[in-house]
Novice: 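Quick one: the structure is below, and I'll ask about it shortly.
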Amino acid sequence: MKRLLASVFFLLFSGCTSIPLSTIVQMSTFDGDDFVALDPQALRVKITLLKGFELNTRQSWLGIGLSSPAGELREVFRLKKESIVSHVKSSGMFSPPEQVISYTLSLRPASREKFIKLQAFFDKAPPDEVDIRVVPKLASYPETAKSVKTWIELQLNYKDGFFSLIDGAELSLKKLSGK
């Protein structure tokens, strides 16, 4: 089962060009054995938003889709809040630091069980492609805002920590509202 998967990370609402090259390189070697070995209790999603925007943690979700000759399987995993941290984030050499809030989320217990079932399917029918979607939903935002700068990170295991999926992308509020 040690075959390479075409891993695609994207947001449901964006053809995002803010996926770091290091993430693409890192995930290019991620294979079926790696997926089956994941501990669902270690999975974490970190969503960072500019201050003034509030994440709806109950409606935000992680989705995983598998495509194989045996068919397609798509699952949505509900998340729960682990922590919220306010801090300053550097936006690059030519931009001033920004006040942000980082939400760290983990799988809810029912989603962990669902994830284990997905791993079993994966083990029996290795997919040709895996896509991972992180869909943040907002609880509130400034009245005049039309988009929000967003950073999304994923932790697959405790040892390696977080890596960036989306690095400072401007996301439309039309798709992020919790409705």
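Below, all heavy atoms of this structure are taken into account, side chains as well, without hydrogens, waters or symmetry copies.
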Novice: So, Q119 side chain and F35 main chain: donor-acceptor pair closer than 3.5 Å or not?
Specialist: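 Side chain of Q119 to backbone of F35, a donor-acceptor pair under 3.5 Å: yes, one is there.
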Novice: If you look at every heavy atom in L173 and A145, which pair is closest and at what distance?
Specialist: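 That would be CD1-O, 3.2 Å.
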Novice: Using residues 73-84 as the side-chain source, report each donor-acceptor pair under 3.5 Å to any protein atom, sequence neighbours left out, with the distance given to one decimal.
Specialist:
| unit_1 | atom_1 | unit_2 | atom_2 | d |
| --- | --- | --- | --- | --- |
| R74 | NH1 | D131 | OD2 | 2.6 |
| R74 | NH2 | E72 | OE1 | 3.3 |
| E82 | OE2 | S106 | OG | 2.5 |

Novice: Would you give the length of the straight line joining atom CG of L156 to atom CG of L154, rounded to the nearest 0.5 angstrom?
Specialist: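 With rounding to 0.5 Å, CG (L156) is 4.5 Å from CG (L154).
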Novice: Can you tell me how far the OG atom of S60 sits from the NZ atom of K137, to the nearest 0.5 Å?
Specialist: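 One finds 8.0 Å between OG of S60 and NZ of K137.
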Novice: Give a yes or no on whether the backbone of L107 and the side-chain of S111 come within a donor-acceptor separation of less than 3.5 Å.
Specialist: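 Looks like no, no N/O pair under 3.5 Å.
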Novice: Within the side chain of S172, is there an N or O that forms a donor-acceptor pair under 3.5 Å with the backbone of K174?
Specialist: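 Pair found, side chain donor or acceptor close to backbone of K174.
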Novice: Could you state the interatomic distance from CG (L62) to CG (L165), rounded to the nearest 0.5 Å?
Specialist: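 Here the interatomic distance stands at 9.0 Å.
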Novice: What class does the angle between the rings of Y141 and F53 fall in, given that below 30° is parallel, 30 to 60° is tilted and above 60° is perpendicular?
Specialist: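 Rings of Y141 and F53: parallel, as their planes differ by under 30°.
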Novice: Just by modelled atom types, is the V148 backbone N or O under 3.5 Å from a matching donor or acceptor in the T150 side chain?
Specialist: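 Looks like yes, one N/O pair under 3.5 Å.
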Novice: Just how far is it from atom CZ of R112 to atom CZ of R108, taken to the nearest 0.5 Å?
Specialist: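 That separation rounds to 11.5 Å.
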Novice: If Ile, Leu, Val, Met, Phe, Trp and Tyr residues are connected whenever their side-chain heavy atoms lie under 4.5 Å apart, and connections chain through other members, are I47 and V88 in the same group?
Specialist: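 In one cluster: no.
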Novice: Under 4.5 Å side-chain heavy-atom separation, chaining through any Ile, Leu, Val, Met, Phe, Trp or Tyr, what else clusters with F94? Say none if it is isolated.
Specialist: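 F94 shares its hydrophobic cluster with M93.
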